[in-house]
Peer 1: 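Submitted below is the structure of interest, expressed as structure tokens.
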Amino acid sequence: MTPFPAPPMRLGFAAKVLGRPDLKSNDARKHPSNPHLRVSIGYLHAIFDYLHEHAVPMYRMSSDIAPYVTHPDLPRFHNQVRECRAELEALGKVARDRGLRLSFHPSQYVLLNSPDKKVTAQSVRDLVAQAEMLDVMGAGAEAVLVTHVGGTYGDPAAGRVRWAETYKTLPEPARRRLVLENDDLRFSAADVLAVHDRTGAPLVFDHQHYWCLNPERLDLRETVTKFLATWPAGVRPKVHYSSPRTELREVKRKDKATGKTKTALLPPVWTGHADFVNPFEFVQFLRAVDGLVFDVMLEAKAKDLALLRVRQDLPRYAPDQAGRFGLEPAPDGEPDPAGAEEPDAG
DNA sequence: CGATGTCAAGGAATC
DNA sequence: GATTCCTTGACATCG
């Protein structure tokens, strides 16, 4: 038992700020326009101010804030982190002063277990660049790089081993920040636990992925407990939470004969993310892991709007769980008063 | 100005 | 071996 009550668990969201359409998450211009990390840092100052205004304590930065920084054919972009040293230090100080927990989630192209050495080497370069940015910002150990195991290449066991081999060869700054997440199609919670046993890499538990892929039928609470125990002492673990999308999908496809674009309605895939967090299921999860301490990265499509919404729902529907996040119990009255919950339209 | 096409990048299923 | 989906936003271009 901890001698003192643990500080409140944190809720965070990723990348794009939907509550303020004018806030950009990264300089996304194409290379002929010479986009730059310096521009992205300016955008991040505005985002951090928004987070501060809304008391959002955790945020995942876009993995593309340094555009083309490792692009093999565009060396003129490779010095951005060094060019922005002072700017990164200043941005990091803002985050530190406000207790803002930061992270990156490298893109789908970062594959540490690819059999193709070039792909793996390129992935390592990306991780090193992102780790370096966090280091220059002076971010604490809780600022991590979250990644998946990668592809199966027809042999999942070999894929796990290759990930572990690459992990051991990572430059220390990247290895120190890297954490591994269970995915929804290829590597289950049991799989990443096995990789942890080989490597010691901390694990992020993704709740939706656990429900999508759990052939070993691992128990929820036992598994979360094991995942949390993979983190070093003194570093708050983190889990990912999202609700599955249930709507029909509108899929556009080109008709071969006519060349015209047609739309079709297909059943939902449960790996898709819903706009918002289902409050009842979220509370059910929190109660299932009562007593465990972790931060929660929300991966809802409505981003910050989903965070603000669930933060409003929790005190109303589950005061016992809201307390874990430092949220005050809801005042008496209607569970969901009309018109009281819209965020600033801007 | 609104609609549409494109983007650095991989993997896997399908044919 | 080639095509398409996965999934994502925003830039860039077109009409």
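Scope of the values below: all heavy atoms of this structure, side chains included, with no hydrogens, waters or symmetry mates. Sequence lines set the chain letters: A, B, ... in the order given, protein chains first and strands last, and positions in each chain run from 1.
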Peer 1: Sort out for me which residue in H273(A), H209(A), R60(A), H207(A) forms a side chain to side chain donor-acceptor pair (under 3.5 Å) with E299(A).
Peer 2: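 Checked H273(A), H209(A), R60(A), H207(A) against E299(A); only one passes side chain to side chain donor-acceptor pair (under 3.5 Å): R60(A).
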
Peer 1: Rounded to the Å, how far apart are Q108(A) CD and dA9(B) P?
Peer 2: 11 Å

Peer 1: Looking across every strand, which nucleic acid part, if any, lies under 4.0 Å from Y153(A) by heavy atom: base, sugar-phosphate, or nothing?
Peer 2: sugar-phosphate

Peer 1: How far, in whole Å, is dT4(B) from dT7(C) if one measures between their P atoms?
Peer 2: 23 Å

Peer 1: Hey, does the side chain of K118(A) come within less than 4.0 Å of dG10(B)'s phosphate (OP1/OP2), counting only N and O?
Peer 2: no

Peer 1: Roughly how far apart, to the nearest Å, are dG9(C) and dG11(B) at atom P?
Peer 2: 23 Å

Peer 1: How many whole angstroms separate atom CZ of R245(A) from atom P of dT7(C)?
Peer 2: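 Rounding to the nearest Å, CZ of R245(A) and P of dT7(C) are 11 Å apart.
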
Peer 1: Would you mind checking if D191(A) and R186(A) are paired as a salt bridge, meaning a charged N to carboxylate O distance below 4.0 Å?
Peer 2: no

Peer 1: Taking only the P atom of each, what is the distance from dT3(C) to dT6(B) in whole angstrom?
Peer 2: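 It works out to 15 Å between them.
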
Peer 1: Identify whether any heavy atom of N113(A) sits under 4.0 Å from a base atom; if not, whether one sits that close to sugar-phosphate; answer base, sugar-phosphate or nothing.
Peer 2: nothing

Peer 1: dT4(C) and dG5(B): how far apart are their P atoms, nearest whole angstrom?
Peer 2: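 Going atom to atom, P in each nucleotide, I get 14 Å.
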
Peer 1: Applying a 3.5 Å limit to both distances, which nucleotide forms a Watson-Crick or G-U wobble pair with dC14(C)?
Peer 2: dG2(B)

Peer 1: Can you tell me the Watson-Crick or wobble partner of dT8(C), both distances under 3.5 angstrom?
Peer 2: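 Looking at the geometry, dT8(C) pairs with no nucleotide.
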
Peer 1: Say whether R125(A) and Q122(A), considering side chains only, have a donor N or O and an acceptor N or O under 3.5 Å apart.
Peer 2: yes

Peer 1: Look at the side-chain N and O atoms of S25(A) and state whether any lies under 4.0 Å from the OP1 or OP2 oxygen of dG9(C).
Peer 2: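 Checking S25(A) against dG9(C): no side-chain N or O falls below 4.0 Å of OP1 or OP2.
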
Peer 1: Any side-chain N or O of T152(A) below 4.0 angstrom from OP1/OP2 of dA12(B)?
Peer 2: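 Affirmative; the distance criterion is met.
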
Peer 1: With P as the reference atom in both, quote the distance from dA12(C) to dA8(B) in angstrom, rounded to an integer.
Peer 2: 11 Å

Peer 1: Identify the residue among R309(A), K301(A), R245(A) that makes a salt bridge (Lys or Arg N to Asp or Glu O under 4.0 Å) with D275(A).
Peer 2: R245(A)

Peer 1: When the distance from NE2 of H148(A) to P of dT7(C) is rounded to whole Å, what number comes out?
Peer 2: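 My rounded result for the distance is 12 Å.
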
Peer 1: Respond yes when some side-chain nitrogen or oxygen of T271(A) is under 4.0 Å from OP1 or OP2 of dT7(C), and no when none is.
Peer 2: yes

Peer 1: Could you tell me whether D126(A) contacts a base, only the sugar-phosphate backbone, or nothing, with contacts defined as non-hydrogen atoms closer than 4.0 Å?
Peer 2: base

